[in-house]
Amino acid sequence: LKVLDHTPDHLPTLQKLVSIYTAENKMDMAIDYAKIIIGYHPEDADLLFHLALLYLNTEKITEALEILRRLLLLNPDHADARVLVEELDA
């Protein structure tokens, strides 16, 4: 993790940490690192969608919807996000 000391926005390392913590079912840590990634890449639809899924995995529906709506403002054609919002709002 020394790479983050020198390059705190190193996307591959941050994504690997999210994957590791997700695999270890340490969802709060996965969410924390996903939010760090979003801080560096706030308009990346794929990253936002992944964060929304992490929130859904922890039953944080309000947070997931907030991220999904933000994603749809940036990318109204994101079909997966639209479907999830419709399902969660139902």
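- The distance from atom CG of Asp9 to atom CD1 of Ile36, rounded to the nearest 0.5 Å, is 11.5 Å.
- Thr7 places no side-chain N or O within 3.5 Å of a backbone atom of Leu4 that could act as its donor or acceptor partner.
- For the pairing with Lys16, the side chain to side chain contact (heavy atoms under 4.5 Å, CB included) check across Thr13, Val18, Ile20 returns one residue only, Ile20.
- Of all the heavy atoms in Ala30 and Tyr21, the pair that sits closest is N-CB, 3.7 Å.
- Thr22 OG1 to Leu54 CG: the interatomic distance, rounded to the nearest 0.5 Å, is 5.0 Å.
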Original post:
For Arg70 and Ile38, what are the C-alpha separation, side-chain angles and deciding distance, and is it a side-chain contact (heavy atoms from CB on, under 4.5 Å)?
Top reply: CA-CA 12 Å; Arg70 177 175 160 192; Ile38 296 301; 3.5 Å; yes
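- To the nearest 0.5 Å, atoms NE2 (His50) and CG (Asp44) are separated by 11.5 Å.
- Qualifying salt bridge (charged side-chain N to carboxylate O under 4.0 Å, His left out) partners for Glu24, counting only residues two or more places apart in sequence or in other chains: Lys26.
- Under a 3.5 Å cut-off, the side chain of His78 and the backbone N or O of Ala81 do form a donor-acceptor pair.
- Leu48 and Leu88 fall within the same hydrophobic cluster, defined by Ile, Leu, Val, Met, Phe, Trp and Tyr side-chain heavy atoms under 4.5 Å apart, directly or through other members.
- Going from atom CE of Met27 over to atom CG of Asn57 covers 4.5 Å, rounded to the nearest 0.5 Å.
- The only member of Leu68, Leu71, Ile67, Ile37 that meets side chain to side chain contact (heavy atoms under 4.5 Å, CB included) when paired with Leu51 is Ile67.
- In this structure, CZ on Arg69 lies 4.5 Å from CG on Leu65, to the nearest 0.5 angstrom.
- In this structure, Glu63 CD and Tyr55 OH are separated by 6.0 Å, a value rounded to the nearest 0.5 Å.
- Shown here for Ala64 and Ala52, the closest heavy-atom pair between the two residues is CB-O, 3.6 Å.
- In this structure a side-chain-to-backbone donor-acceptor pair under 3.5 Å is present from Arg82 to Pro76.
- Listed here is the closest heavy atom pair of Leu74 and Pro42: CD1-O, 3.7 Å.
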**OP:** Kindly determine whether Asn75 and Glu43 satisfy side-chain contact (heavy atoms from CB on, under 4.5 Å), including the steps that lead there.
**Re:** CA-CA 9 Å; Asn75 183 353; Glu43 296 185 8; over 6 Å; no
